K.L.:
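Would you mind keeping the following structure in view while I ask a few things?
Because the structure is predicted, anything quoted here is derived from the model rather than measured. Read the numbers this way: they start at 1 and go in the same order the structure lists the ligands and their atoms.
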Amino acid sequence: MALNIAIIPGDGTGPEVVREALKVLEVVAKLEDFPYTTESFDFGGDRYLATGSIIDDDDIANLRENFDTILLGAVGHPDVKPGILEKGLLLRLRFALDQYINLRPVKLYPGVDCPLKDKGPEDVDFDVIRENTEDLYCGAGGFLRKGTAEEIATQEMIATRFGVERCLRYAFEFCRSKKAEGEGKGLLTLVHKTNVLTFAADLWFRVFNETGETDYPDVQRDYNHVDAACMWFVKNPEYYDTIVVPNMFGDIITDLGAIIQGGMGIAAGGNINPDLGGTSMYESIGGSAPKYTGQGVINPLACIGALAMLLQNGGQKSAGDRVENAIKKTTPKLKSLAANQMGYSTSEVGDLVVEAL
Ligand code: IPM
Ligand code: MN
């Protein structure tokens with residue numbers, strides 16, 4: 001059966017990086033001999049400015065019912081107020097398609113400059129599993145007496161037993177299978193802030209220990225406060241194997257993770273709905289980089305990395321691994337991973353990956 005991929009190039013440099021990923025997809029599909037289809041959707045800032053609509057219920061239903069997976073370029077348009085597209089498109093898709101896992105590997109590839117002193121690819125290699133549908137991202141909260149001197153604004157951190165447990169179970173399974181494949185030490189670190197967030201963190205901590213003790217005794221449980229984790233990311237990244245973390249803290253620590261793996265030019269992630277028939281969405285973690293739009297200087301490796309993850313998790317593991325290996329052969333050839341400093345254009349980097357397949 002063909003892999004049906006919805007393509008959302010999005011805004012800014014999104015279309016340029018998606019073009020390179022599709023180039024790689026075409027070649028790897030031939031080499032690995034699997035059928036796929038793509039259909040492109042123009043959701044994003046330009047369409048919003050022209051029509052006033054971002055994405056509607058029918059679009060969501062179409063994505064849910066007719067596509068196995070989504071490849072997303074980038075979201076964010078300089079003429080649209082911050083928050084509108086992020087909430088209206090990216091978060092909308094994550095929530096509506098119940099992509100409750102945000103998987104963000106932090107891997108330093110060969111030849112990539114790492115800002116950490118004396119750290120190399122063997123030191124920076126772990127996975128962050130960010131819960132993706134709850135927490136401060138639910139939009140729970142509101143204003144009271146808005147605009148007055150007595151204004152109150154609240155934003156609530158939501159943790160449900162159901163949402164926390166399904167994320168933790170995914171993380172335990174992930175950590176266990178990594179070890180079985182010889183890739184991790186079977187260490188799962190929960191990152192939260194139990195010393196202050198005594199309600200939400202308490203729920204996470206209890207479910208972590210209960211679930212781990214009952215169903216995953218082979219996985220070693222570990223806990224870090226989020227502030228301390230930031231410190232260890234910089235000092236001892238080699239300590240980590242798999243991290244599980246609520247949405248907001250996960251957002252923050254994965255930017256730190258991205259920079260220690262070489263920056264936004266390379267960091268990719270998956271918004272995953274692991275349930276049977278779920279539609280997942282893969283993206284580069286970076287934004288739409290409007291100032292580089294159309295210049296052919298943006299690094300497409302993050303988007304190509306997102307494609308690798310899409311294939312690895314979408315039933316084409318060997319094709320995905322092949323793309324990832326081609327990225328590893330490409331990184332040492334680039335002068336830098338930063339936009340405009342690669343020593344190659346966007347499409348030349350795409351070509352390098354294709355040659356390395
Ligand atoms: C990310 C981004 C998004 C998030 C924004 C754009 C809504 O920062 O994917 O990490 O906060 O999740
Ligand atoms: Mn972020």
Side-chain angles (χ1 to χ4, degrees), residues 8-14 17-18 43-45 48 54-55 60 69-107 126-141 155-159 163 167 191-192 226 229-230 233 243-273 279-291 293 298-299 301-303 305-307 309-310 313:
I8 306 178
D11 305 314
T13 52
V17 295
V18 161
F43 309 129
Y48 171 66
I54 303 182
I55 187 165
I60 301 267
T69 186
I70 303 168
L71 183 67
L72 175 72
V75 171
H77 193 292
D79 302 333
V80 180
K81 207 176 123 198
I84 304 219
L85 295 167
E86 290 84 346
K87 272 184 135 172
L89 185 55
L90 185 62
L91 298 181
R92 176 86 199 279
L93 286 167
R94 288 178 184 171
F95 278 81
L97 299 174
D98 204 21
Q99 296 162 342
Y100 58 90
I101 298 299
N102 195 329
L103 175 62
R104 297 187 160 181
V106 178
K107 279 192 202 174
F126 59 90
D127 292 281
V128 179
I129 292 167
R130 166 185 173 191
E131 200 288 325
N132 214 27
T133 55
E134 298 197 341
D135 202 42
L136 285 162
Y137 279 73
C138 288
Q155 197 94 46
E156 287 165 23
M157 178 175 261
I158 309 284
C167 177
V191 168
H192 212 309
V226 63
C230 291
F233 269 31
I243 291 174
V244 62
V245 59
N247 210 342
M248 184 82 253
F249 292 149
D251 176 47
I252 298 167
I253 66 171
T254 53
D255 265 30
L256 184 52
I259 201 68
I260 66 173
Q261 71 175 126
M264 290 307 181
I266 192 79
N271 303 276
I272 301 178
N273 177 336
T279 303
S280 301
M281 174 170 73
Y282 297 83
E283 55 173 337
S284 32
I285 295 183
S288 58
K291 74 173 181 185
T293 304
I298 197 78
N299 189 343
L301 288 180
C303 189
L307 170 71
M309 290 182 74
L310 180 156
N313 291 286

K.L.:
Quick check: closest heavy atoms across Val18 and Leu72, and the distance to 0.1 Å?
P.N.:
CG2-C, 4.4 Å
K.L.:
At a 4.0 Å threshold, what atoms of ligand 1 neighbour a non-hydrogen atom of Arg130?
P.N.:
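Contacts of ligand 1 toward Arg130, numbered from 1: 1 (C), 4 (C), 10 (O), 11 (O), 12 (O).
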K.L.:
Please tell me if the side chains of Val191 and Ile243 come closer than 4.5 Å, counting only heavy atoms from C-beta onward.
P.N.:
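Yes, at least one pair of side-chain atoms sits under 4.5 Å.
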K.L.:
Taking only heavy atoms of Glu86 into account, list the atoms of ligand 1 that are under 4.0 Å away from them.
P.N.:
6 (C), 7 (C)
K.L.:
Is there a polar contact between ligand 1 and Tyr137, counting only N or O atoms under 3.5 Å apart?
P.N.:
yes
K.L.:
So, for Ile54 and Tyr48, which heavy atoms are closest and what is the spacing to 0.1 Å?
P.N.:
CG1-CD1, 3.4 Å
K.L.:
Using the side chain to side chain donor-acceptor pair (under 3.5 Å) definition, which of the options Gln99, Glu283, Arg130 pairs with Asn271?
P.N.:
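Going through the options one by one, the only one that passes is Glu283.
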K.L.:
Quick test: of every protein heavy atom, which one is nearest to atom 10 (O) of ligand 1, and how far off is it to 0.1 Å?
P.N.:
Asp251 OD1, 2.8 Å
K.L.:
Quick one: does Met248 get a heavy atom under 4.0 Å from ligand 1?
P.N.:
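No.
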K.L.:
Nearest to atom 1 (C) of ligand 1, what protein heavy atom do you find, and at what distance?
P.N.:
Arg104 NH2, 3.3 Å
K.L.:
Could you tell me whether Arg94 approaches ligand 1 through its side chain, its backbone, both or neither, with non-hydrogen atoms closer than 4.0 Å?
P.N.:
side chain
K.L.:
Less than 4.5 Å apart, side chain to side chain, heavy atoms only: is that true for Ile70 and Leu97?
P.N.:
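Of all side-chain heavy-atom pairs linking Leu97 with Ile70, at least one is under 4.5 Å.
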K.L.:
Would you please determine whether Ile285 falls within less than 4.0 Å of ligand 1 on a heavy-atom basis?
P.N.:
no
K.L.:
Counting C-beta onward and ignoring hydrogens, is there a side-chain heavy-atom pair between Val245 and Ile253 closer than 4.5 Å?
P.N.:
yes
K.L.:
Closest heavy-atom contact between Gly163 and Glu131?
P.N.:
O-CG, 4.2 Å
K.L.:
Kindly give the atom name of the N, O or S atom of Asp251 closest to the Mn ion (ligand 2).
P.N.:
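For Asp251, the N/O/S atom sitting closest to the Mn ion (ligand 2) is OD1.
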K.L.:
Can you pull out the closest protein heavy atom to atom 5 (C) of ligand 1? Residue, atom name and distance to 0.1 Å, please.
P.N.:
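Answer for atom 5 (C) of ligand 1: Leu90 CD2, 4.2 Å.
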